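The structure appears right after this line, and notes come after that.
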Amino acid sequence: MSSNREFLAETRRRRTFAIISHPDAGKTTLTEKLLLFSGAIQIAGSVKARKATRHATSDWMEIEKQRGISVASSVMQMVYRDHVINLLDTPGHKDFSEDTYRVLTAVDSALMVIDAANGVEAQTRRLIEVCRQRDTPIITFVNKMDREVREPLELLDEIERELGMPCVPMTWPVGQGKSFGGIVNLRTQAMTVFESGSERLPQDFEVMPLSEQAALVARFGHEFETAKESMELATGASPSWDREAFLAGKQTPVFFGSGVNNFGVMEVLDALVDLAPPPQPRISTTLVNRQPQVREIQPADPDFAGVVFKVQANMDANHRDRIAFVRMASGKYTPGMKLRVQRTAKELRPTSVVTFMSQRREAVNEAYAGDIVGFTTHGGVQLGDTITDGASLQFTGLPFFAPELFMTVILKNPLRTKQLQQGLAQLGEEGAIQVFKPEIGGPMLLGAVGQLQFEVVQHRLKTEYDADVRLEGCQYTGARWITADTPAELRTFVDAYPARMAKDAADTLAFLCTSPYDVRLAQERFPKIHFHPLREHAGLSLQTAQ
């Protein structure tokens with residue numbers, strides 16, 4: 001009984017969230033500051049100082065340091081106010097949206113960063129859509145208020161329209177750009193006075209209670225009076241804060257600030273503890289009398305269960321290892337536990353199990369539901385794998401999208417074939433790119449959602465696997481995973497289109513297309529074949545194409 005209470009107490013201390021935004025909205029900078037103020041790091045790296053030796057803590061890959069962008073999601077853990085906060089920083093660039101989508105399946109809430117000058121941008125819309133599909137609670141941070149930006153009321157209106165949910169302001173800006181005076185905290189009824197400079201800590205900022213109206217007007221004049229008017233308009237038009245509506249993804253609290261100046265960030269960190277939900281139940285399927293049944297896994301259940309939502313090869317170039325990032329759904333992890341990969345029914349024997357502080361890893365002594373743990377392996381684990389300490393169950397919902405861009409891989413030095421095969425196998429399993437092996441032989445094909453994925457894979461093949469490749473265009477413009485009602489029907493279809501058949505990294509059969517009409521024509525010829533634009537990971541049912 002005491003262990004159940006222990007599990008419950010520990011899971012309630014956990015907060016697991018993703019930070020999402022359009023590129024250049026200040027997401028990685030805000031990540032740094034959250035880590036800084038929780039005491040997890042001592043110095044925040046500058047993302048913009050690309051040529052400097054100091055880079056953002058959350059950007060560890062060489063190509064990220066060169067370009068000053070995040071191309072791989074990273075995981076960081078920190079402790080703040082006796083809460084364990086698992087922060088997942090996602091790539092902002094649309095070409096890496098698949099990685100971001102998968103990360104969003106592993107979190108209980110999201111922190112959305114919006115550039116106050118640009119409002120809601122294209123990539124943010126895509127990410128919002130994924131959050132909406134899962135009813136993920138969203139906390140909104142409007143960044144860069146120290147620049148020339150749009151009016152806060154206009155921004156709130158746009159956020160409400162794009163999110164399709166009401167905004168509830170928690171802080172409110174006084175002025176903007178050169179006349180940015182600070183923010184009013186509506187929860188504490190006090191104004192924090194802005195001073196630029198990234199070395200200041202949150203406790204160094206001056207705070208004035210709203211009850212000192214005369215002093216505030218004397219000091220900030222017209223800016224304060226305008227802010228007071230718009231704040232009253234906003235709070236009058238907004239619904240009152242409703243925690244249940246927020247947890248159901250039907251309301252978003254909004255904060256204003258300037259991440260680069262450490263301003264307004266502490267309020268966000270407090271909101272993650274006070275407002276964001278602890279680990280939530282997860283849906284799984286299990287076989288009962290050979291029939292799949294849906295089962296809800298509770299975080300406080302004593303049995304260990306988790307899902308692999310990310311695999312990263314070569315985080316430590318010296319060891320050629322691979323890390324399977326596992327979101328724990330229930331139970332407790334302790335060193336030496338016997339764990340099993342449900343897809344293969346094989347025992348998982350990691351060489352080490354770690355938590356992350358970006359580049360820094362620490363051995364896990366214990367972990368609970370909501371935590372992200374890294375199993376260091378040399379293979380045998382794929383994206384979407386369910387790992388348990390015995391129970392036979394399977395988590396679902398990790399998406400793979402049919403690629404829209406294709407390239408043929410040409411190896412410059414044929415003697416490096418083994419290195420190329422190893423590199424493509426690992427990068428394909430990791431989800432960095434989709435790798436297709438044509439059934440009739442010939443060069444391997446790479447499928448991507450965005451062009452930058454090709455560049456990253458080409459760079460990684462050369463630096464991590466010593467396989468220098470040239471990527472050439474090919475005739476394919478799409479792919480669909482295929483299933484059939486019977487094995488005989490599938491064989492007939494494969495025999496009819498031998499040159500169009502390829503298998504991906506999970507050994508799932510796909511039909512390659514050269515035009516949008518290919519699928520329609522094939523569907524007319526073979527009505528019992530099902531074409532899928534989305535698949536979950538290996539061995540799971542595919543979502544039927546609409």
Side-chain angles (χ1 to χ4, degrees), residues 71-73 95-99 101-103 105 307-315 320-326 341-344 346 375 377-387 394 396-409 411 417-450 453-454 456-458 460-461 464-465 467 469 471 474 476 478-483 500-512 532-543:
V71 300
S73 50
D95 288 11
F96 304 98
S97 51
E98 268 199 294
D99 196 19
Y101 293 155
R102 288 193 280 263
V103 164
T105 67
V307 63
V308 178
F309 67 92
K310 177 178 171 61
V311 177
Q312 187 74 56
N314 304 326
M315 279 186 83
R320 291 282 177 216
D321 59 4
R322 303 167 76 216
I323 295 209
F325 291 73
V326 176
V341 180
Q342 290 295 315
R343 175 178 52 86
T344 59
K346 288 183 179 171
F375 291 96
T377 71
H378 292 285
V381 179
Q382 291 181 2
L383 280 170
D385 276 348
T386 297
I387 294 170
Q394 185 73 64
T396 60
L398 202 75
F400 288 79
F401 299 91
E404 295 158 17
L405 303 171
F406 284 85
M407 291 281 213
T408 303
V409 184
L411 186 60
T417 301
K418 187 179 174 185
Q419 287 81 352
L420 174 66
Q421 287 173 342
Q422 181 192 23
L424 288 178
Q426 293 192 358
L427 294 175
E429 284 185 9
E430 151 186 337
I433 199 142
Q434 293 192 44
V435 181
F436 292 90
K437 184 179 181 183
E439 288 282 80
I440 59 168
M444 300 287 270
L445 297 170
L446 298 184
V449 175
Q453 277 181 279
F454 292 126
V456 170
V457 164
Q458 191 173 16
R460 290 185 63 188
L461 283 171
E464 296 171 22
Y465 300 94
V469 301
L471 298 180
C474 65
Y476 300 117
R480 289 290 182 268
W481 288 283
I482 55 170
T483 54
R500 295 292 186 88
M501 293 296 135
K503 284 197 172 160
D504 66 7
D507 217 31
T508 308
L509 199 59
F511 174 69
L512 302 172
H532 309 280
L534 175 75
R535 77 162 174 84
E536 292 179 2
H537 78 93
L540 283 187
S541 60
L542 292 146
Q543 181 171 312

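Remember, it's a predicted structure, so these values are computed and weren't measured experimentally.
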Item to check | Donor-acceptor pair, side chain of Gln422 and main chain of Thr417, under 3.5 angstrom | outcome: no
Checklist outcome for this item: When rounded to the nearest 0.5 Å, the distance separating CG of Leu424 from CD of Gln419 is 11.5 Å
Next on the checklist: Could you work out, with side-chain contact (heavy atoms from CB on, under 4.5 Å) as the rule, every residue matching Gln342, not counting sequence neighbours?
Outcome noted: Arg340, Thr386, Thr388, Ser392, Gln394
Item to check | CD on Gln453 to CG on Leu427, rounded to 0.5 Å | outcome: 11.0 Å
Next on the checklist: A side-chain contact here means heavy atoms from C-beta on lying under 4.5 Å apart; do Val311 and Ile323 qualify?
Outcome noted: no
Item to check | Interatomic spacing from CZ in Phe454 to CE in Met407 - rounded to 0.5 Å | outcome: 5.5 Å
Checklist outcome for this item: Output for pair (Arg343 CZ, Asp385 CG), nearest 0.5 Å, gives 4.0 Å
Checklist entry - Should Met501 and Ile482 count as side-chain neighbours, where that means a heavy-atom distance under 4.5 Å? => result yes
Next on the checklist: Any heavy-atom pair between the side chains of Val409 and Leu445 that's under 4.5 Å?
Outcome noted: no
Item to check | Heavy-atom donor-acceptor pair, Arg500 side chain to Leu512 backbone, under 3.5 Å | outcome: yes
Item to check | Side chain to side chain, Gln426 and Arg322, heavy atoms closer than 4.5 Å | outcome: yes
Checklist entry - Considering only heavy atoms from C-beta outward, does the side chain of Val435 approach that of Asp504 to under 4.5 Å? => result no
Checklist entry - So, the side chain of Gln434 versus the backbone of Gly428: is there a donor-acceptor pair under 3.5 Å, distance only? => result no
Next on the checklist: Going by the rule ring-ring contact (aromatic ring centres under 6.0 Å, His included), which residues pair with Phe436 if we only count those two or more places apart in sequence or in a different chain?
Outcome noted: Phe406
Checklist entry - Less than 4.5 Å apart, any side-chain heavy atom of Leu405 and any of Leu446? => result no
Checklist entry - Would you say Tyr465 and Leu420 make side-chain contact, with heavy atoms under 4.5 Å? => result no
Item to check | Atom pair NZ (Lys503) and NZ (Lys437), whose distance is rounded to the nearest 0.5 Å | outcome: 9.5 Å
Checklist entry - Less than 4.5 Å apart, any side-chain heavy atom of Gln382 and any of Val308? => result no
Checklist entry - Quick one: side chain to side chain donor-acceptor pair (under 3.5 Å) partners of Glu439, sequence neighbours excluded? => result none
